[in-house]
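Notes follow the structure.
None of the values given here were measured: they were computed from a predicted structure.
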Amino acid sequence: MIRSATIEDLVRIAEIEVFNYRMNFYPIFKCDTYYFQELTVPSVMQRYQEQIDTFYVYDDGVVKGFMQVEEIKLKKLFVEPILHSQGIGAVLLEYALQECSVQGLWALEKNVRAIEFYERHGFRKSDIKRLEDDTEEYLVWMEL
């Protein structure tokens, strides 16, 4: 079910990310220009084209989620919003831990649902924080 992503997966990866960003982050950042003009499926596809070798997809006949891993850091993990709470994220994360040796990740401090998810899977918040680029919101470093 988990496999390396290909260029053909970019449409689904971008769709999943755009919908998740709008549902989960727009209420925090409330930036219409970014979320409804700049953050588009084509723009995300273009940005990820050269990074495709860092992506993995959950594919059971249809791509339902994805993650991005760089070295031992989980950079992104998203599941199609209508499929949340069905275990897809857990399968992706377990793969990241077992097959990619992921040791840590940055999570938006106000994204309580994500932080609780990662904590259920063995991650703990550290005292390390940094501002999200061009915002006043903090990211917190989480590690095993």
Side-chain angles (χ1 to χ4, degrees), residues 1-29 31 33-35 38-144:
M1 279 197 238
I2 308 298
R3 63 172 174 78
S4 294
T6 66
I7 293 295
E8 290 76 26
D9 297 316
L10 281 175
V11 171
R12 283 296 295 139
I13 288 169
E15 287 175 340
I16 292 167
E17 180 168 312
V18 168
F19 291 135
N20 271 283
Y21 266 57
R22 288 178 180 164
M23 288 182 62
N24 298 311
F25 302 129
Y26 177 77
I28 296 169
F29 295 106
C31 181
T33 302
Y34 177 73
Y35 286 95
E38 295 174 31
L39 182 69
T40 65
V41 169
S43 71
V44 173
M45 288 175 64
Q46 183 177 6
R47 188 170 68 238
Y48 290 159
Q49 214 164 11
E50 291 183 17
Q51 303 172 35
I52 195 66
D53 61 334
T54 63
F55 285 85
Y56 297 86
V57 294
Y58 178 103
D59 180 355
D60 64 356
V62 177
V63 173
K64 296 180 176 176
F66 76 90
M67 65 182 170
Q68 182 183 24
V69 177
E70 286 184 357
E71 298 176 8
I72 60 170
K73 181 171 55 173
L74 181 65
K75 289 199 66 173
K76 295 182 180 286
L77 190 155
F78 291 108
V79 173
E80 178 68 43
I82 62 169
L83 301 174
H84 284 183
S85 301
Q86 294 188 16
I88 296 168
V91 171
L92 282 162
L93 186 56
E94 187 60 31
Y95 186 92
L97 296 172
Q98 298 300 317
E99 302 299 325
C100 304
S101 303
V102 163
Q103 297 293 311
L105 59 100
W106 289 101
L108 186 64
E109 191 172 42
K110 288 186 177 176
N111 192 350
V112 176
R113 184 174 180 196
I115 289 171
E116 289 173 350
F117 168 78
Y118 293 122
E119 287 177 338
R120 284 193 305 275
H121 293 277
F123 286 86
R124 296 292 170 249
K125 288 192 287 186
S126 73
D127 293 332
I128 302 169
K129 292 182 183 182
R130 68 175 171 90
L131 284 171
E132 173 70 287
D133 293 339
D134 301 320
T135 75
E136 295 180 10
E137 300 297 336
Y138 281 94
L139 297 169
V140 61
W141 179 251
M142 299 187 73
E143 55 195 5
L144 291 174

Around atom CD of Glu71, are there more than 12 heavy atoms from other residues, nucleotides or ligands closer than 6.0 Å? no
Report the distance from atom CG of Leu139 to atom CD1 of Ile128, rounding to the nearest 0.5 Å. 12.5 Å
Geometric class of the Phe25/Tyr21 ring pair [parallel <30°, tilted 30-60°, perpendicular >60°]: perpendicular
Excluding sequence neighbours, so at least two apart, what forms ring pair (Phe, Tyr, Trp, His ring centres under 6.0 Å) with Phe66? Phe55, Phe78
Quick one: CD1 on Ile2 to CD on Glu99, what's the gap to the nearest 0.5 Å? 10.0 Å
Taking side chain as C-beta onward, heavy atoms only, is Thr54 less than 4.5 Å from Lys75? no
Does Phe19, at its CZ atom, have more than 12 non-hydrogen atoms belonging to other residues, nucleotides or ligands within less than 6.0 Å? no
Correct closest heavy-atom pair for Ala5 and Val57 would be CB-CG1, 3.9 Å
Should Arg12 and Glu15 count as an ion pair when the cut-off is N to O under 4.0 Å? yes
Just wondering, more than 12 heavy atoms not from Asp60 lying within 6.0 Å of its CG? yes
Is Tyr58 close to Leu77 at the side-chain level, that is, under 4.5 Å between some pair of heavy atoms? no
Going by heavy atoms in the side chains, are Leu97 and Leu144 under 4.5 Å from each other? yes
To the nearest 0.5 Å, what is the distance between CD1 (Ile7) and CG (Asp53)? 9.5 Å
The residue among Ile28, Ile115, Val140 that forms side chain to side chain contact (heavy atoms under 4.5 Å, CB included) with Lys110 is Ile28
Closest non-hydrogen atoms of Gly65 and Ile16, given as atom of the first, atom of the second and distance, are N-CD1, 3.8 Å
Name of the residue among Phe117, Tyr118, Phe123 meeting ring-ring contact (aromatic ring centres under 6.0 Å, His included) with His121: Phe117
In the structure I gave you, are the side-chain heavy atoms of Tyr95 and Arg3 within less than 4.5 Å of one another anywhere? no
On a heavy-atom basis, which atom in Tyr56 and which in Ser4 lie closest, and how many Å separate them? CE2-OG, 3.8 Å
Quick one: closest heavy-atom pair of Val18 and Val41, and the distance? CG2-N, 3.9 Å
Looking at Leu39, is its backbone amide N or carbonyl O close enough to the side chain of Arg22 to form a donor-acceptor pair, meaning the two atoms are under 3.5 Å apart? yes
Does Leu74 reach the side chain of Met142, with side-chain heavy atoms less than 4.5 Å apart? no
Does a donor on one side chain and an acceptor on the other come within less than 3.5 Å for Tyr48 and Glu17? yes
Taking the side chain as C-beta and beyond, is there a heavy-atom pair between Leu131 and Tyr138 under 4.5 Å? yes
Just verifying a value: how many Å separate Gln98 CD and Leu93 CG, rounded to the nearest 0.5 Å? 10.0 Å
Distance-minimising heavy-atom pair for Glu38 and Ser43: O-OG, 2.9 Å
What do you reckon, is NZ of Lys76 surrounded by more than 12 foreign heavy atoms closer than 6.0 Å? yes
How long is the gap from CG on Asp9 to CG on Asp59, to the nearest 0.5 Å? 7.0 Å
Does atom CD of Gln86 have more than 12 heavy-atom neighbours from other groups under 6.0 Å away? yes
I want to check something: taking the side chain as every heavy atom from C-beta on, are Arg124 and Glu119 in contact at a cut-off of under 4.5 Å? yes
